[in-house]
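Both backbone and side-chain heavy atoms feed into the values below; hydrogens, waters and symmetry mates do not. Keep in mind it's a predicted model, so treat the numbers as computed, not measured. Numbering of ligands and ligand atoms starts at 1, following listing order.
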Amino acid sequence: MIRIAIPNKGRLHDPTVTLLKEAGLPVLEGGTRKLFAKTTDPEITYLFARAADIPEYIQDGAADVGITGLDLIDETGSDVEILLDLKFGGAKLVLAVPEDSSISSAKQLEGMRVATEFPNITAKYFKNLGVNIEVIKVSGACEMTPHVGIADAIVDISSSGTTLVTNHLKMIEEVFTSSVYLIANKKTLENNGKIEQIQTAVESVLRAKGKRYLMMNVPADSLEVVKKVLPGMGGPTVMKVESDDSTLAVHAVVDAGSIFATVGELKKAGAKDILVVPIERMMP
Ligand SMILES: Nc1ncnc2c1ncn2[C@@H]1O[C@H](COP(=O)(O)OP(=O)(O)OP(=O)(O)O)[C@@H](O)[C@H]1O
Ligand SMILES: O=P(O)(O)OC[C@H]1O[C@H](OP(=O)(O)OP(=O)(O)O)[C@H](O)[C@@H]1O
Ligand SMILES: [Mg+2]
């Protein structure tokens, strides 16, 4: 049996559940108040946990696989296997000071106080710089601390930057770049092939997100020009169209980012009836 720990609430819950569904491992009978949920594979169960607790659950074997933020993994110093960047939940830990402060670099904070929800990452950052500071650990509303004399600077999560601006703070350094990762217990990973299957399934969803499936009809004498337009992945699949010897059906996988330009060029090359279709999963 493999237990996968996923965030029970907060901003990481919904995208995690969506990704698992796309990977063919939907959270069944889910509900934020429940501790456990099943999926379609009888050998896999979900455990709902706080995002911040997941790294330690994985390290200690309370769960075998986990999905949570890299910042939380690093902060807890958990000894886990980092398998895959899931490319969502992106945020930065930034060093910020009041907007009217004359401080413009981390080095100028020698001997001062820095408030944060991430004391270990913060201490490590300043230690690497050779700057002595006092870390003040808070568990929320960090942005307020420089304005009430508790700290001279903060290290806090920023994504859009709105919270910093609203609280009259300015970023002076980037301390840590985070996104959400798939992690695993080191022992289970060695002994149980199921984790690799889970990783492959999730990876196949991520790979497919950047691709589109193109289908089109091509006059036989335009095939060579059309093939030149279609960037590889082993080249397009070319099929005969029944009852029409002069037309071929051409299928190809292309980068989603280049779809606009590619379709334009295909038209020019003589392709017709072009269909652009999303791909659910892609295995190499
Ligand atoms: N704008 C953001 N603010 C806070 N955390 C973010 C943001 N964007 C991404 N994250 C990531 O989300 C994770 C924190 O999720 P968590 O569920 O603990 O907090 P939350 O969504 O703010 O919920 P809570 O209401 O419990 O604070 C971290 O890994 C963090 O990097
Ligand atoms: O750069 P921004 O897009 O403004 O996002 C960053 C803010 O969002 C988070 O707070 P959250 O909304 O989770 O509230 P919390 O402090 O109660 O967790 C985080 O702690 C920052 O304060
Ligand atoms: Mg929060």
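Rounding to the nearest 0.5 Å gives a distance of 9.0 Å between CD of E190 and CD of E81. Atom CD1 of I54 is separated from atom CD1 of I6 by 7.5 Å, given to the nearest 0.5 angstrom.
In this structure, a donor-acceptor pair under 3.5 Å is absent between the side chains of Q59 and D79. With hydrogens and angles left out, the side-chain atoms of S158 and D156 include no donor and acceptor closer than 3.5 Å. Looking at S104 and Q108, their side chains do bring a donor and an acceptor atom within 3.5 Å of each other. No side-chain N or O of N217 forms a donor-acceptor pair with one of T247 less than 3.5 Å apart.
Nearest to atom 5 (N) of ligand 1 by heavy atom, out of R11, K9, E117, is R11.
For the pair D74 and K124, the salt-bridge criterion is met [side-chain N within less than 4.0 Å of a carboxylate O]. K227 and E224 are joined by a salt bridge, as a carboxylate oxygen and a charged side-chain nitrogen come within less than 4.0 angstrom of each other. Looking at E22 and K209, a side-chain N of the basic residue comes within less than 4.0 Å of a carboxylate O on the acidic one, giving a salt bridge. By the 4.0 Å N-to-carboxylate-O rule, D41 lies close enough to K194 to be salt-bridged with it.
Pocket lining of ligand 2, defined as residues with a non-hydrogen atom under 4.0 Å away: R11, E143, D156, I157, S158, S159, S160, G161, T162, T163.
There is no protein heavy atom closer than 4.0 angstrom to atom 19 (O) of ligand 1. Distance check on atom 27 (O) of ligand 1: every protein heavy atom falls at or beyond the 4.0 Å cut-off.
Using cut-offs of 30° and 60° on the angle between ring planes, the pair F48 and H13 is tilted.
Every atom of ligand 1 with a heavy atom of R50 under 4.0 Å away is listed here by number and element: 26 (O). Close contacts of ligand 1 with I157, meaning ligand atoms under 4.0 Å from a residue heavy atom, involve 2 (C), 3 (N), 4 (C), 5 (N), 6 (C), 7 (C), 30 (C). Per-residue contacts place L72 under 4.0 angstrom from the following atoms of ligand 1 (heavy atoms of the residue considered): 28 (C), 29 (O). Listed by atom number, the atoms of ligand 1 under 4.0 Å from G10 heavy atoms are 17 (O), 21 (O), 23 (O). Close contacts of ligand 1 with G69, meaning ligand atoms under 4.0 Å from a residue heavy atom, involve 29 (O).
By the criterion of side-chain heavy atoms lying less than 4.5 angstrom apart, applied directly or through intervening Ile, Leu, Val, Met, Phe, Trp or Tyr residues, L189 is not grouped with I58; the two fall into different hydrophobic clusters.
Protein heavy atom closest to atom 30 (C) of ligand 1, with residue, atom name and distance, is D71 OD2, 3.3 Å. Here the protein heavy atom with the shortest distance to atom 16 (P) of ligand 1 is A51 CB, 4.2 Å. Nearest non-hydrogen protein atom to atom 1 (N) of ligand 1 is S159 OG, 2.9 Å.
Between G89 and ligand 1 there is a heavy-atom distance shorter than 4.0 Å.
Only the side chain of L12 comes within contact range of ligand 1, with a heavy atom under 4.0 Å; no backbone atom does.
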